[in-house]
Amino acid sequence: MCMLDSFIPLALAVAPNPLGLPSNLKLTTIPIDAYTCFELWLPVAHGTLSPEEAMLLRGDRTRLEDICAKLTEFMGATLTRSNAPTHDEPLLQAPTYYWQEIRSVLYDAGRAFDAIAVTYLPQVIYSSLSQDSGLPAWTLQQAGWSVSFLALHPIATGFRAEALPFTVTIAFGQSITRSLQTIPIVASQTCLHGR
């Protein structure tokens, strides 16, 4: 439910409504908190976009950048470039609180984009290794948002969306990793004998 006096104003929260129902776009709702959300159109996987759908994505970019700028200013963001399937290169030395700094890095890299895709990343806890001891540990990854940049390329039947190899992660705080000493749980004698 998007509230009127929420962090994301209603005018920004609602995606534009096209005249016809887009067949190659999916309307998605992205949560901000328990009471706030915003909508955006995302291309379906491997779909060809009509000229009207491409125009809808291009026209909605400014609204989505305003939302990303507001989240970045409040929580901070990191920018990475994917160099390989398992390696991401940080492009900023520290989290930034200025969306314009992210735009400047992309501009300097010569990467223009036509549209934005945003994905919600829920808070998760997963097993990992402690960097200090190499022992098993648990990592808490804070909830946040992943922002992708899309280039729209003309093809014979319309447009094709291509994700640029840059990702912005907006989140409050860094991941936390802790080693936890596991204590084996032993059933008591009464449990074993059914008493």
Side-chain angles (χ1 to χ4, degrees), residues 12 15 22 24-32 38-51 53-124 126 128-129 131 139-175 177:
L12 283 180
N24 298 305
L25 296 175
K26 177 183 171 190
L27 184 63
T28 304
T29 301
I30 305 294
I32 299 294
F38 67 95
E39 300 174 333
L40 76 153
W41 293 98
L42 294 174
V44 296
H46 310 295
T48 300
L49 302 174
S50 70
E53 291 167 333
M55 188 169 66
L56 176 66
L57 291 179
R58 281 188 178 115
D60 200 25
R61 186 184 89 181
T62 302
R63 178 185 73 91
L64 294 173
E65 282 198 82
D66 288 346
I67 292 171
C68 291
K70 192 165 186 167
L71 289 169
T72 298
E73 182 180 353
F74 186 58
M75 293 182 230
T78 57
L79 175 63
T80 57
R81 175 175 33 212
S82 297
N83 291 329
T86 58
H87 178 68
D88 289 337
E89 172 191 0
L91 295 177
L92 298 170
Q93 295 302 315
T96 183
Y97 292 86
Y98 302 100
W99 183 257
Q100 194 56 42
E101 187 174 355
I102 292 167
R103 292 292 312 268
S104 294
V105 172
L106 292 174
Y107 179 79
D108 291 345
R111 300 312 294 250
F113 60 96
D114 299 302
I116 290 180
V118 181
T119 306
Y120 176 67
L121 306 171
Q123 179 173 291
V124 294
Y126 58 90
S128 57
L129 292 177
Q131 292 179 350
T139 297
L140 169 68
Q141 178 181 307
Q142 303 290 344
W145 300 268
S146 176
V147 182
S148 302
F149 302 95
L150 306 176
L152 302 177
H153 301 291
I155 57 175
T157 56
F159 288 85
R160 177 181 50 84
E162 173 200 9
L164 300 179
F166 298 92
T167 303
V168 172
T169 302
I170 302 170
F172 185 73
Q174 300 296 316
S175 298
T177 300

Checking side-chain contact (heavy atoms from CB on, under 4.5 Å) for the pair Phe149/Val168: CA distance, chi angles, key distance, verdict? CA-CA 9 Å; Phe149 302 95; Val168 172; 3.7 Å; yes

What pair of heavy atoms forms the shortest contact from [X] to [Y], and how long is it?
{"X": "Ala171", "Y": "Ala143", "result": "CB-O, 3.7 Å"}
{"X": "Cys68", "Y": "Ile170", "result": "O-CD1, 3.9 Å"}
{"X": "Pro43", "Y": "Leu49", "result": "CB-CD2, 4.2 Å"}

Sequence-distant partners of Phe74, ring pair (Phe, Tyr, Trp, His ring centres under 6.0 Å), two or more places apart: Phe7

Results of side-chain contact (heavy atoms from CB on, under 4.5 Å) for Thr157 - residues two or more places apart only: Thr48, Ile155

Look only at the side chain of Glu162 and the backbone of His153, and say whether a donor-acceptor pair between them is shorter than 3.5 Å. no

For residues [X] and [Y], determine if any side-chain heavy atom of one lies less than 4.5 Å from a side-chain heavy atom of the other.
{"X": "Leu25", "Y": "Leu57", "answer": "yes"}
{"X": "Thr80", "Y": "Thr169", "answer": "no"}
{"X": "Pro90", "Y": "Thr78", "answer": "no"}
{"X": "Ile102", "Y": "Phe166", "answer": "no"}
{"X": "Trp145", "Y": "Ile32", "answer": "yes"}

To the closest 0.5 Å, what do you measure between [atom1] ([X]) and [atom2] ([Y])?
{"X": "Leu64", "Y": "Leu40", "atom1": "CG", "atom2": "CG", "result": "5.5 Å"}
{"X": "Leu56", "Y": "Trp41", "atom1": "CG", "atom2": "CH2", "result": "7.0 Å"}
{"X": "Phe38", "Y": "Leu71", "atom1": "CZ", "atom2": "CG", "result": "6.5 Å"}
{"X": "Leu106", "Y": "Leu79", "atom1": "CG", "atom2": "CG", "result": "5.5 Å"}
{"X": "Arg63", "Y": "Glu39", "atom1": "CZ", "atom2": "CD", "result": "7.5 Å"}
{"X": "Arg81", "Y": "Leu91", "atom1": "CZ", "atom2": "CG", "result": "5.0 Å"}

Please identify each residue that fulfils side chain to side chain donor-acceptor pair (under 3.5 Å) with Gln142, with sequence neighbours left out. none

Glu53 vs Phe159, test: side-chain contact (heavy atoms from CB on, under 4.5 Å). Steps then yes/no. CA-CA 9 Å; Glu53 291 167 333; Phe159 288 85; over 6 Å; no

Show the atom names and distances, to 0.1 Å, of all donor-acceptor pairs under 3.5 Å that link a side chain in residues 112-121 to residues at least two apart or in another chain.
residue	atom	partner	partner atom	Å
Asp114	OD2	Leu152	N	2.7

Under the salt bridge (charged side-chain N to carboxylate O under 4.0 Å, His left out) test, which residues partner Arg160, sequence neighbours left out? none

Applied to residues 94-112, the salt bridge (charged side-chain N to carboxylate O under 4.0 Å, His left out) test, sequence neighbours excluded, yields Glu65-Arg103

